[in-house]
2 protein chains.
Amino acid sequence: MSDHRERLKLAGYKLTKARLAVLQVIEHADGHVTSADVLDGVALVDPAVGRASVFRTLDLLTRLSIVRPTYIGTSATPYYVLLPGGHHHHIICTVCSRVIEFAECGLENIAILLEERLKVKLTGHLLEFYGQCADCQDKIAVNNED
Amino acid sequence: MSDHRERLKLAGYKLTKARLAVLQVIEHADGHVTSADVLDGVALVDPAVGRASVFRTLDLLTRLSIVRPTYIGTSATPYYVLLPGGHHHHIICTVCSRVIEFAECGLENIAILLEERLKVKLTGHLLEFYGQCADCQDKIAVNNED
DNA sequence: TTTAAATTGATACATAGTCTCATTCAGAGT
DNA sequence: ACTCTGAATGAGACTATGTATCAATTTAAA
C-alpha cells in the first residue's frame, strides 16, 4: 500500500497533501472508481484539495502504472482501477456492465518476449474480456423464446 | 469488413445511414480514433448525420464488441480501437503515449477456462501493456547522466 | 405499399476535465 | 531548525465532450 508513496518518491515526485489524499481514497475504494468518486472521497479526507489537483494526480498515477483508466458501460467517464503488482484482469458484461475480476493471466512469458523483441520496458498490463455474464445470457435466452 | 454490417443485422439493429457512415469511417481509419475523429470523418462521408447518432453508434459498436474505447496518454476522451476477430493487443508508452501493436496473445486457453468456470460467454478481449518504448528509455537514461 | 417500431437530427443542456497564474509547500542543503 | 527554490497547488473561469428530449423520418417486414 504505502509502496505507492515510495514509487512516487523514487520517480522524483513530491508527497503532497493532494497526492496523499487521492492515493488514500483510491486504496480504500477497492475496485473501480470514477473521477467523481475520487473527487467526493478527497473532499471528505482533505477538503482543501482542489479539483484540478485530483485530475493531475490521476494522470500522474496513470503514467506510473499505479492506476489505469478503463471504460465500463456507457459511462462517458473512465473508471480507475488499481494495478496491484502492475496488473489487473477482468471481464466486463456488455449487457449489464457488471465487472468480474479474475486472478490468473499467465502473461509473464509474453511480456518477456515483447520486452526483448521490441526493446520496451514493461511496467504493467490490463487484460479485459468482453461478453455476457451468466445472468444476461439467461435473459437473452428467455427473450428469444416467444 | 462488411461482416460488421452483418453483425448489426443479426443482433436486430437496422442498417441506417448514420451507422453505415460511422462504420465506414472507423474501418478506413486503421488504428485508434477519437470520437472527434469519427465526428469529422462522418461529416465528410455523410453531412446529414447528426452528432448524437455518432455517439449512439459508438456505444452500440462497443456493446457488440466491434470496437473498444481505451484511454491513451492524458487525453480525457477515449480512443476507439477495432477488435478484428474480437481482440486487439497493444503497448502504450507511458512517457510519449506511442502505441505499439502486436499480434500474439495466446489467450484462447484462458478464455475457454473462464467461460467454463464463470459460465460467461466471451466475445472479445483487449490486452494492454504499459511501459516505456525504446526511445523514451534512452531519453531517461540521458537525463540521469548529469 | 402500408405500417409500426426503431432510429434519427437539431438543439439546448449538463458535466467532465483544462488552463492560467499568483500563492504555497515539500524537502534538500546548511 | 531555517532558508531557499522549483515543484505543485487552489480558485475559478472556460472549453469541449457527451446527453436528453421530442417531433419527424426511415428501415424493413408484412
Side-chain angles (χ1 to χ4, degrees), chain A residues 5-25 32-64 67 69-80 97 143 146, chain B residues 5-25 32-64 67 69-80 97 143 146:
Chain A
R5 260 136 276 197
E6 199 78 6
R7 297 248 305 275
L8 284 185
K9 266 223 120 128
L10 286 174
Y13 295 97
K14 295 181 178 175
L15 294 183
T16 65
K17 289 178 180 176
R19 287 171 181 162
L20 293 174
V22 171
L23 267 180
Q24 186 182 332
V25 169
H32 309 71
V33 247
T34 63
S35 56
D37 295 334
V38 178
L39 284 168
D40 291 351
V42 166
L44 295 177
V45 166
D46 185 345
V49 171
R51 203 180 156 54
S53 289
V54 171
F55 284 104
R56 283 188 279 238
T57 302
L58 288 173
D59 264 18
L60 178 59
L61 297 179
T62 300
R63 265 183 285 123
L64 294 177
V67 123
T70 180
Y71 191 99
I72 293 173
T74 105
S75 147
T77 61
Y79 282 73
Y80 290 85
S97 300
N143 284 343
D146 56 295
Chain B
R5 258 136 277 195
E6 199 78 4
R7 298 250 301 277
L8 283 185
K9 266 223 121 127
L10 285 175
Y13 295 98
K14 295 180 176 175
L15 294 183
T16 65
K17 288 179 180 177
R19 287 170 181 163
L20 293 174
V22 170
L23 267 181
Q24 184 181 335
V25 168
H32 309 71
V33 248
T34 63
S35 57
D37 295 334
V38 178
L39 284 168
D40 291 351
V42 166
L44 295 176
V45 166
D46 186 345
V49 171
R51 202 181 158 54
S53 289
V54 170
F55 284 104
R56 283 188 280 237
T57 302
L58 288 173
D59 264 17
L60 178 59
L61 297 180
T62 300
R63 265 182 286 124
L64 294 177
V67 123
T70 180
Y71 293 92
I72 294 175
T74 105
S75 148
T77 60
Y79 282 73
Y80 290 85
S97 299
N143 286 343
D146 54 296

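Within every chain, numbering begins at 1; the chains are lettered A, B, ... in the order of the sequence lines, protein sequences first and strands thereafter.
For B:Phe55, the side-chain atoms get nearest to D:dT17 when compared with the rest of D:dT17, C:dA26, D:dG12. For B:Ser35, taking side-chain heavy atoms from C-beta onward, the closest of the listed nucleotides D:dG18, C:dT8, D:dA7 is D:dG18. Closest to the A:Ala18 side chain, of the nucleotides C:dA10, D:dT27, D:dG10, is D:dG10.
Looking at heavy-atom distances under 4.0 Å, B:Pro78 makes contact with sugar-phosphate atoms alone, never a base. Counting non-hydrogen atoms under 4.0 angstrom, B:Ala48 reaches the backbone sugars and phosphates but no base. In this structure, B:Arg19 reaches the sugar-phosphate backbone alone: every heavy-atom distance under 4.0 Å involves primed, P, OP1 or OP2 atoms, never a base. The residue A:Arg51 sits close to a base: some heavy atom pair falls under 4.0 Å. B:Ala76 comes within 4.0 angstrom of sugar-phosphate atoms only, judged by non-hydrogen atoms across all strands, and of no base.
Side-chain nitrogen and oxygen atoms of B:Thr16 include none within less than 4.0 Å of the OP1 or OP2 phosphate oxygen of D:dT27. Contact between the side-chain N/O atoms of B:Ser53 and the OP1/OP2 oxygens of C:dG9 is found at a separation under 4.0 Å.
We find that CZ of A:Arg5 is positioned 18 Å from C1' of C:dG27, with the value rounded to whole Å. Rounded to an integer number of Å, the gap from B:Asp46 CG to C:dG9 P is 8 Å. Rounded to a whole Å, the CG atom of B:Leu60 is 8 Å from the P atom of C:dT7. Taking atom CG of A:Leu15 as the reference point, atom P of C:dT24 lies 22 Å away to the nearest angstrom. We find that OH of B:Tyr13 is positioned 11 Å from C1' of C:dA6, with the value rounded to whole Å. With rounding to whole Å, B:Leu61 atom CG is found 15 Å from C:dT7 atom C1'. Taking atom CZ of B:Arg56 as the reference point, atom P of D:dA20 lies 11 Å away to the nearest angstrom. The distance from atom NZ of A:Lys17 to atom C1' of C:dA26 is 11 Å, rounded to the nearest whole Å.
Here the side chains of B:Pro69 and B:Thr62 are in contact, with some heavy-atom distance below 4.5 Å.
Under the side chain to side chain contact (heavy atoms under 4.5 Å, CB included) test applied with B:Tyr80, the options B:Thr70, B:Leu58, B:Thr34 reduce to a single match, B:Leu58.
Here the CZ atom belonging to A:Arg5 is positioned 13.0 Å from the CZ atom belonging to A:Arg19, to the nearest 0.5 angstrom. Considering CG of A:Leu20 and CG of A:Asp46, their distance stands at 9.5 Å, rounded to 0.5 Å.
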